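This report concerns only the one structure given below.
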Amino acid sequence: MWRLEHGFERAKADARPEEDTRVRIFLVLIVFSVVFGALALGAAHAALLADKGRLWAAANPHALVRGDLTDRNGELLATNITHYGLYIDPAEIWDKRLAFTQLRRAIPRLPAKRLNKVLDGDRRLIVLTGLTPSEREAVHALALGGVSFEPEDRRVYPLGTSAVHLIGDADTGGQGVAGAELAFNEEVRAAGQRGESFPLSIDLRVQGVLENELARAATETGSKGAVGIIADVQTGEVLGMASWPTFNPAERARAPQGATLNRAVSGHYEMGSVFKSFTVAAGIDTGRADMNTLFDASQAFQIGTRKIKDFHAQNRVMTLEEVYLHSSNIGTSQLAVEMGPDVMRTYFTNLGLLAAAPIELKESARPVVPRKWDNSTLASLSFGYGIMATPAQVSAAMGALTNGGRYIPLSLRKGGAPGARPRQAVSEQTSLTMLDLLRRNVVRGSGGLADAPGLRVGGKTGSANKLVNGRYDPSHAVGSFAAVFPADGPVNAKRYSILILMDEPSQYPKTGGYVAAPAVGRIADRVAGFLGVERRADRYRTATGEKVPAFQDIEGDGR
């Protein structure tokens with residue numbers, strides 16, 4: 001610069017300031033200073049003030065991408081614990097054998113075969129995922145060249161087996177693969193990017209009671225499997241959903257056969273007499289019958305060469321109420337045949353029994369429905385044979401019968417399914433009639449063991465033999481109870497449904513009134529306080545507070 005300056009002097013340059021070399025150099029220095037200063041400030045801001053999640057996501061697109069899952073009250077169901085992936089670039093390793101020895105000593109679970117393969121390779125590769133912070137520190141302390149780490153969003157489920165079928169699972173890449181994790185995958189990821197959690201509809205207190213009582217009932221009855229669903233009939237929100245047996249999500253690969261199946265949405269069952277509620281509701285709603293309509297059950301109902309009988313025959317003419325309380329196959333078969341296939345198909349469709357339950361879970365399975373709707377099929381459908389439905393379908397259908405007649409899809413979203421348009425499956429008056437009939441069935445019919453003090457439980461038992469090698473085998477049965485409480489008050493009152501199903505109970509009797517109804521009563525008794533349901537006597541109690549004498553559990557078995 002000094003030579004340039006004096007070069008101008010020797011050339012007798014004009015001495016004006018703007019042509020002075022020192023001024024020009026000074027201006028250039030200012031420009032460079034400003035540029036480098038801006039770069040330094042930007043780097044400092046990125047290092048100290050930028051969002052941590054964005055920085056990690058830029059290095060690893062799978063890091064910190066899922067928000068926490070919580071129940072409706074904010075209780076934690078699933079969260080993320082940052083683990084690390086171990087990467088090695090063999091080109092930067094000086095002594096590969098020494099590196100192998102030191103890494104294996106620092107992390108004994110490091111697979112030797114994989115480590116050797118990466119060290120002998122020619123590019124940077126991942127060696128192990130899921131390093132804990134302490135394992136990362138142990139490797140970092142070795143100060144090995146070519147060794148680096150990238151954060152991973154590792155999903156953990158702190159409640160273990162609780163709600164495991166409902167919550168589902170997410171993979172190491174941050175994508176949901178089952179259950180609510182898959183159903184709400186994009187929303188959970190978006191919540192994670194915002195630093196928020198995603199609430200489900202379930203209440204962890206209700207879920208805990210349901211799981212506890214379901215396991216108890218399954219153990220006491222020696223059942224192969226069991227299902228339980230608790231829902232708000234006015235909003236469709238699922239407050240509890242359980243499938244038994246269960247498993248530990250951390251050991252999914254070692255779960256017993258069938259334990260990972262969410263039977264509530266994926267299990268297919270002929271549910272027996274629970275379907276009489278849908279048949280009777282259709283008959284009342286169409287005006288084909290009322291509580292005093294008479295049905296001749298004095299002898300078997302003949303359809304071609306087939307004779308439909310009652311399990312414990314009354315051998316007399318009965319009103320529709322008696323048909324329901326005595327669970328008469330003959331009476332409901334006559335009603336179904338009288339209504340015909342078009343009416344039955346319409347009501348079964350409106351109640352959601354002929355399509356997969358429209359809950360958010362991707363595992364929701366389509367039912368197995370009949371192809372031919374002749375009189376024999378209609379008779380079978382009237383008492384829950386000839387159609388294999390999922391518990392979620394039946395739960396939603398029972399909700400429609402008890403909430404004013406509106407079919408509302410079940411939902412695992414807090415607040416219910418957004419934009420859902422309830423359809424009118426039956427009239428409000430029919431819904432009121434069914435509520436009254438369901439309550440009578442607990443007080444004077446086959447559901448007596450489901451009663452809970454002051455909670456006005458109503459419901460219907462169901463029992464069905466399974467089809468084994470082409471024949472219905474009584475040793476392979478399903479017992480269920482579909483209930484609602486409280487069953488009194490206006491159709492828009494706060495009300496909750498409970499469905500309990502026992503798959504292949506080994507104790508006798510195997511009917512729903514014995515294997516499922518008691519669990520319903522205990523569950524209602526325990527969750528009423530959480531749900532704000534008040535206890536009070538109802539009109540089916542005598543002045544002394546004693547229950548009206550109940551019929552025996554005499555539901556039909558479809559034979």
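Treat the numbers as computed from the prediction; the structure is a model and nothing was measured. Just the heavy atoms: all of them, side chains too, but no hydrogens, waters or symmetry mates, feed the values below.
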Are Asp488 and Arg536 ion-paired here, with the side-chain N under 4.0 Å from a carboxylate O?
-> yes

Can the positive tip of Lys460 be found less than 6.0 Å from the middle of the six-membered ring of Tyr324, inside 45° of the ring normal?
-> yes

Does a donor on one side chain and an acceptor on the other come within less than 3.5 Å for Thr346 and Thr349?
-> no

Can Arg306 and Ser380 be counted as having a side-chain donor-acceptor contact under 3.5 angstrom?
-> yes

Asp310 versus Ser328, side-chain donor and acceptor atoms under 3.5 Å = yes

Please examine the side chains of Met344 and Thr279, heavy atoms only from C-beta on, and report whether any two atoms are closer than 4.5 Å.
-> yes

Does a donor on one side chain sit under 3.5 Å from an acceptor on the other, for Asp285 and Tyr347?
-> yes

Modelled atom types, side-chain donor and acceptor of Ser411 and Glu360, under 3.5 Å = yes

Any donor-acceptor pair under 3.5 Å from Arg495 side chain to Pro490 backbone | yes

Regarding Gln207 and Glu211, is there a side-chain donor-to-acceptor distance under 3.5 Å anywhere?
-> yes

Answer with yes or no whether the side chains of Glu321 and Thr319 bring together a donor and an acceptor at under 3.5 Å.
-> no

Between Arg254 and Asn248, is any side-chain donor less than 3.5 angstrom from a side-chain acceptor?
-> no

Would you mind telling me which of Arg456, Arg439, Arg444 makes a salt bridge (charged side-chain N to carboxylate O under 4.0 Å, His left out) with Asp451?
-> Arg439

Do we see a donor-acceptor contact under 3.5 Å between the side chains of Lys510 and Asn465?
-> no

With a 4.5 Å limit on heavy-atom distance, are the side chains of Arg423 and Arg406 in contact?
-> no

Check: Thr390 and Tyr269 side chains under 4.5 Å, non-hydrogen atoms = no

Using 4.0 Å as the upper bound for N to carboxylate O, is an ion pair formed by Asp525 and Arg522?
-> no

With the threshold set at 4.0 Å, does a side-chain nitrogen-carboxylate oxygen contact exist between Glu322 and Arg316?
-> yes

Report yes if some heavy atom in the side chain of Leu378 is under 4.5 Å from a heavy atom in the side chain of Pro341; otherwise report no.
-> yes

Sidechain N-carboxylate O distance under 4.0 Å for Glu75, Arg205 = no

Close side-chain approach of Lys494 and Asp232, heavy atoms under 4.5 Å = no

NZ/NE/NH1/NH2 to OD/OE distance under 4.0 Å, Lys466 and Asp503 = yes

Glu428 side chain near Leu432 side chain, heavy-atom distance below 4.5 Å = no

Indicate yes or no: at least one non-hydrogen side-chain atom of Asn441 is less than 4.5 angstrom from one of Ser446.
-> yes

Is the shortest heavy-atom distance from the side chain of Ile500 to the side chain of Leu210 under 4.5 Å?
-> yes

With distance as the sole criterion, is a donor-acceptor pair present between the side chains of Ser273 and Ser327 under 3.5 Å?
-> yes

Quick one: CZ on Phe485 to CD1 on Ile498, what's the gap to the nearest 0.5 Å?
-> 4.5 Å

Option passing side-chain contact (heavy atoms from CB on, under 4.5 Å) with Asn403 (candidates Asn492, Leu435, Ile408) | Ile408

Is there a donor-acceptor pair under 3.5 Å between the side chain of His165 and the backbone N or O of Ala259?
-> yes

Angle class for the Phe348/Phe278 ring planes (parallel below 30°, perpendicular above 60°, tilted otherwise)?
-> perpendicular

Between Arg535 and Pro453, the two heavy atoms sitting closest are NH1-O, 2.8 Å

Does a donor on one side chain and an acceptor on the other come within less than 3.5 Å for Asp436 and Thr433?
-> no

Phe184/Phe198 aromatic ring centres below 6.0 Å | yes

Distance-only donor-acceptor pairs under 3.5 Å for side chains of residues 362-371, two or more places apart:
residue : atom : partner : partner atom : Å
Glu363  : OE2  : Gly179  : N            : 2.7
Ser364  : OG   : Ala357  : N            : 3.4
Ser364  : OG   : Ala357  : O            : 2.7

Does a side chain donor of either Gln507 or Tyr514 reach within less than 3.5 Å of an acceptor in the other side chain?
-> no

